[in-house]
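To start, the structure itself, in structure tokens.
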2 protein chains.
Amino acid sequence: MSEIAWLAVDWGTSNLRVWAIDTSGQPLDQRQSKAGMATLTPEGFEPALLNAAGDWAEGPTTVVACGMVGARQGWVEAPYTPVPCAPLPAALTPATTSSDSLTVHIVAGLCQTNPADVMRGEETQIAGFLALNPKWDGVICLPGTHTKWAHVSAGEVVSFQTFMTGDLFAALSQHTVLRHSVADTGWDEAAFLTALDDALSRPDRLAARLFSLRAEDLLANLTPETARARLSGALLGAELAAAKPYWLGQQLAVIGAGKVAEVYVQALGTQGAPAILVDNDAATLAGLKAAYASLKGAV
Amino acid sequence: MSEIAWLAVDWGTSNLRVWAIDTSGQPLDQRQSKAGMATLTPEGFEPALLNAAGDWAEGPTTVVACGMVGARQGWVEAPYTPVPCAPLPAALTPATTSSDSLTVHIVAGLCQTNPADVMRGEETQIAGFLALNPKWDGVICLPGTHTKWAHVSAGEVVSFQTFMTGDLFAALSQHTVLRHSVADTGWDEAAFLTALDDALSRPDRLAARLFSLRAEDLLANLTPETARARLSGALLGAELAAAKPYWLGQQLAVIGAGKVAEVYVQALGTQGAPAILVDNDAATLAGLKAAYASLKGAV
């Protein structure tokens, strides 16, 4: 195995992922654990990292980490930088460790004053995308529990907006009366596209659409899979309608993975807005590599 | 104490309320329990009723009940009648009891085919309102976890629509990231009115507003009470925007109780749509009395 030069860490609310990076900047291997920020007290971060990294952290080790690890409830707060700014505008924030052989640097998030918004982790993916695609201008969509839309120009994040569509979908399908009518899995492509189109053409009617999923279950045997696809289409359509100033007439990239990212690309496509799909992990790693390079430059 | 002629029962998802009614149709007293439909199997309804009614049900007893007790998961299913129809269009559905001295009759709900919708319990309140206000035409709003808007004309429910605004508010404030930023109690009147007005003028932007409550908490020390009022205003504004065909230019009544009903009346007032506020229990009792009268007429 090649020599490990440093460890790249993506540390979110629910997961911790560690990559061993070689001296040429290539990832050698990945390890992960469920020790997300939400499960840890400030004292718990170092042991959780050492536990996940295992023998990778036995000698002198440099770690660059992004994500919720830098939140107020994280290992150490890496304060937000206000946009407009480059995606990695600030010096990395060092985290306190109990050992001189372990050095941990945390990437700062971005904020926006008006309308108020924050991101933490996505700035690293945007930096990675720009490292892989220099001089790219346009809008980057980062689907997730809290999807971000970021306008990028001349190497800076100009503005961004968060839509909590994934969080809303989960709350509606698990914690309202719709839980009786919406499946956890399954799909109905035609129902999704119809609901998406309907929501995009009449986004003001979102509030009126939700209960019909329950009523059609009771009256017309709407299947839970179709209800799931319709709820997804209605919420994504509402997001796309409200995010229109971001994507209309712009060069577009979706950074994500799996079905969710594909659904965003597909939905944008129905609106005549083609987007390139960029792999989540590739963007994260390229961003952490850029952060590591900035660290070396600063030393 | 005057003689008890019959028992009026409002049996919802979470609560059971029983009134003793005298021979002139006046309520003598009320008893209640937490034995709502959601807590009971079909065999559990009779004991729950007898337990709540106590000595009121010791002799030969006639009961008229409305609400979720007549749902598919209730004591016995009282099938929905499709609108347009009178609010109490169908013969009451008898429930099986273990004793000849106890006779239970259940009020049917209403349904609508397109757009699909259902109500169960509110039809009794509408019937009660019309019994108290004969020849009234207009739109009745019944705020609750699932608020109903019903267009009433010539003694019939012409159409209706459900908005799950209360359910949505609870899910968002308890089961999404907003739970960290939205208080369980407290209010900010100015913030509510601003959010209401904003939502009514740009209802298509609902999806874009939600995360800002979290971001302003992190960046600008938004108080949880103000966040609560803003979330309430945003969701109610979205409902009123989508319900506009119901309330615009109509004679309006809100049947409800407490702060929630007042908020609907206030919000409609800001749109130049004055509504009379009608007490929930008065409407329910008048409706159950009308149902009891129909039973006597049918015998």
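By convention in this document, chain letters (A, B, ...) are assigned in the order of the sequence lines, proteins followed by strands, and residues within each chain are numbered from 1.
Although no hydrogens or angles enter the test, the distance criterion places a donor-acceptor pair under 3.5 Å between the side chain of A:Arg72 and the main chain of B:Leu218.
Residues of residues 162-176 of chain B having a heavy atom under 4.5 Å from any heavy atom of chain A, listed by number: B:Thr162, B:Phe163, B:Met164, B:Asp167, B:Leu168, B:Ala171, B:Leu172, B:His175, B:Thr176. Within residues 196-213 of chain B, the residues having any heavy atom less than 4.5 Å from a heavy atom of chain A are, in residue-number order, B:Pro203, B:Asp204, B:Arg205, B:Leu206, B:Ala207, B:Ala208, B:Leu210, B:Phe211, B:Ser212. Scanning residues 224-238 of chain A against chain B with a 4.5 Å heavy-atom cutoff picks out A:Ala238, ordered by number.
Expressed to the nearest 0.5 Å, how far CG of A:Asp117 lies from CD of B:Glu216 amounts to 10.0 Å.
Partners of A:Lys34 under the side-chain contact (heavy atoms from CB on, under 4.5 Å) rule, at least two apart in sequence or in another chain, are A:Asn15.
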